[in-house]
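What you see is a predicted model, and the numbers here were worked out from it, not measured in a lab.
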Amino acid sequence: MDKEFGRPPLAEENKARVEERLKEIAGGNVVRETLTIEWRTQPLSVEVIDMPVETLYYNPGTHRIRAQRDHKPERDELLKQEPWAPDSQDYLHYLLQMLPADPSKKDPDFDVLMESLRSYRQNEPGLITRDGILVNGNTRRAALKELGITNIRVGVLPESCTWDDINAVELSLQLRPDQRREYSYINRLLAMEEQQLLGRPLADVAREFRIRANTCEQDLWILSCLRDLIERSGDGGAQLRLLDFEQHQEKLRELHRRYAKESTASKDNAEVLKETRLTAIVLGFSKTDVRLIEPDFRDRYLDKRLPDALKTEPEAPAAVAIPGLNRTMKPSAPKVAQAKALTDTILKAKAVVTAEDGLLTERSKSATATFAAAHKAVEDALEPAGKDARVRKRKQAAQDRITDACQDIEQCITDLTLAKASGSLDEEAFDEAVLTLRETLTKLAVATQRSIKAPGDGVSWLRESVRQEGM
């Protein structure tokens, strides 16, 4: 394993110890245990041994904390340059214990893991290379180290293991349905992108992550959007990080669905919608608030409430030249440029506030004031937008009827229990009613095919359930 991160300092020592313990197993001197993994597309059973916790190394390329490494840029830079240095390994040890959305806080799940290991020891073995690099079980090793437990049970990968194998095996183990601790949202996006950059077809990447191809495409669009936001947020050394968007998964997915739907009617309106919703997301508004923002939100509600300092005069943008083709592209509409300018202002203010947290510099005060003014303007604009949305909702009662039907079914569950207890259940009549429900759900699924072009999770479930039933 001489590519990318190279070999750690104790590689030869770990390799000798691994070989010695594998020989003990082959000689029948210890109880044998194996771990089944996916190895180069085929199942493979590897031997499990005990290894000293202190001599193993965290995988510097682990997907579990890739986004969180930006928490301390100077330590991340050292990790890139010297991944096996004690300070670099200590940084990985620190991040594995912290909350993915806020690495300055301890992750409660890590405390739960520690308590489980303290009470029951390891339920599942980790996985290492023969050089002692952890492929799976990085977090467990961190917990065992904190507890002062000296040994960890690990499976051992074949000697021919490469860094490509390490990445592939880590992903396959992490994406098993029974895996208890999933990757954080952003780390999952990064892992998808990595697989795509390796040249794998989108359908294969989706299958690997056990999602639909359109969901994978959606997630990659979101990651591209976040990278653009981060680049635009740069202001004198301050810049947002991917981990700053860790808690916005549902808002971003709803944004993509609404953007895709609006794009079929008007590309400019879709861009205005995207920028305005992104502004609200950066400002920290809830999913239900962000959902109120439509393409006309700025014209109808926001512009009159924005302070002058946050307004930009519409300009006629110049056409964009295409290098090497002696041609130009049509520029974006002025309203799109205005929406982007507001988003950029909020992004930069958020970056400065985050970077100078607690510092009372003039720059920090100015950014805080800008952020607060924008938040108040959007909050004030959301109030009339919400009232208008409630009026529209009363005119579109389809979702309300579904909610009422759900309440009736909940009551049916109670009635069914009571009927069973009293022996008064007419099973044939009940069965006929369930068949009618099945037929009605089939009709509903067909209706959504005609009416809903960008289905969310609920509609997708309905369609898939009907398809699997062959109805």
Side-chain angles (χ1 to χ4, degrees), residues 1-5 7-8 11 14-15 18-19 21-22 25-26 32-51 56-67 92 96 113 122-142 152-213 215-217 219-220 223:
M1 297 184 310
D2 55 358
K3 63 183 275 190
E4 293 196 26
F5 299 109
R7 302 183 71 194
N14 281 328
K15 187 173 181 180
V18 167
E19 297 292 346
R21 296 188 177 182
L22 290 176
I25 293 174
R32 188 182 183 200
E33 179 185 1
T34 61
L35 172 68
T36 301
I37 62 170
E38 183 178 321
W39 177 254
R40 298 173 183 171
T41 73
Q42 299 294 326
L44 174 70
S45 293
V46 298
E47 302 289 352
V48 174
I49 62 175
D50 281 343
M51 285 291 286
L56 300 184
Y57 290 89
Y58 296 118
N59 175 12
T62 180
H63 299 89
R64 179 166 297 286
I65 50 173
R66 188 162 295 179
L92 292 173
L96 287 163
L113 174 62
Q122 275 182 268
N123 290 325
E124 296 290 336
L127 186 67
I128 62 168
T129 68
R130 302 200 175 211
D131 287 350
I133 301 166
L134 283 153
V135 179
N136 191 45
N138 285 276
T139 311
R140 272 169 285 174
R141 190 252 186 168
I152 179 173
R153 287 168 38 242
V154 287
V156 181
L157 287 176
E159 194 166 4
S160 62
C161 177
T162 67
W163 278 102
D164 286 341
D165 292 324
I166 290 175
N167 290 333
V169 171
E170 183 197 0
L171 270 181
S172 68
L173 286 171
Q174 180 59 42
L175 297 175
R176 283 180 176 177
D178 61 349
Q179 188 72 24
R180 292 187 177 181
R181 194 170 185 240
E182 295 182 350
Y183 289 148
S184 71
Y185 174 55
I186 298 298
N187 287 322
R188 190 176 175 87
L189 298 186
L190 291 171
M192 284 184 199
E193 180 190 52
E194 180 184 89
Q195 294 301 302
Q196 187 196 40
L197 293 176
L198 290 173
R200 298 186 62 186
L202 188 68
D204 288 352
V205 177
R207 194 177 304 111
E208 182 84 27
F209 283 81
R210 295 178 173 84
I211 57 176
R212 299 186 302 273
T215 303
C216 184
E217 187 176 10
D219 285 341
L220 291 171
L223 182 58

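- Just one residue in the list L127, V154, V156, L173 forms a side-chain contact (heavy atoms from CB on, under 4.5 Å) with L35, and that residue is L127.
- Salt-bridge formation is not detected for the pair E170/R64: no Lys NZ or Arg NE/NH1/NH2 atom is positioned less than 4.0 Å from an Asp or Glu carboxylate oxygen.
- Heavy atoms only, all atoms of each residue included: G132 and N14 are closest at CA-ND2, 3.8 Å.
- Rounded to the nearest 0.5 angstrom, N136 CG and L171 CG are separated by 11.0 Å.
- N59 places no side-chain N or O within donor-acceptor distance of the main-chain N or O of V135, the cut-off being under 3.5 Å.
- Distance check: E208 CD to Q195 CD gives 6.0 Å after rounding to the nearest 0.5 Å.
- With rounding to the nearest 0.5 Å, the separation of CD1 in I25 from CD in E47 is 5.0 Å.
- With a 6.0 Å cutoff to the six-membered ring centre and a 45° limit on the axis angle, R188 does not count as a cation-pi contact of F209.
- With rounding to the nearest 0.5 Å, the separation of CG in L189 from CZ in R66 is 12.5 Å.
- When atom types are taken as modelled, the side chain of R140 and the backbone of E124 share a donor-acceptor pair closer than 3.5 angstrom.
- G155 and P125 make their closest contact through N-CB, 4.3 Å (heavy atoms, listed as atom of the first residue, atom of the second, distance).
- With sequence neighbours excluded, no residue forms a ring pair (Phe, Tyr, Trp, His ring centres under 6.0 Å) with Y185.
- The aromatic rings of W163 and F5 sit perpendicular, their planes meeting at an angle over 60°, well past the 30° parallel limit.
- Applying the side chain to side chain donor-acceptor pair (under 3.5 Å) test to E19 and every residue at least two apart in sequence or in another chain returns R130.
- Residues forming a side chain to side chain contact (heavy atoms under 4.5 Å, CB included) with R40 (at least two apart in sequence, or on another chain): S160, D165.
- Atom-to-atom distance recorded for L22:CG and I49:CD1 is 5.0 Å, nearest 0.5 angstrom.
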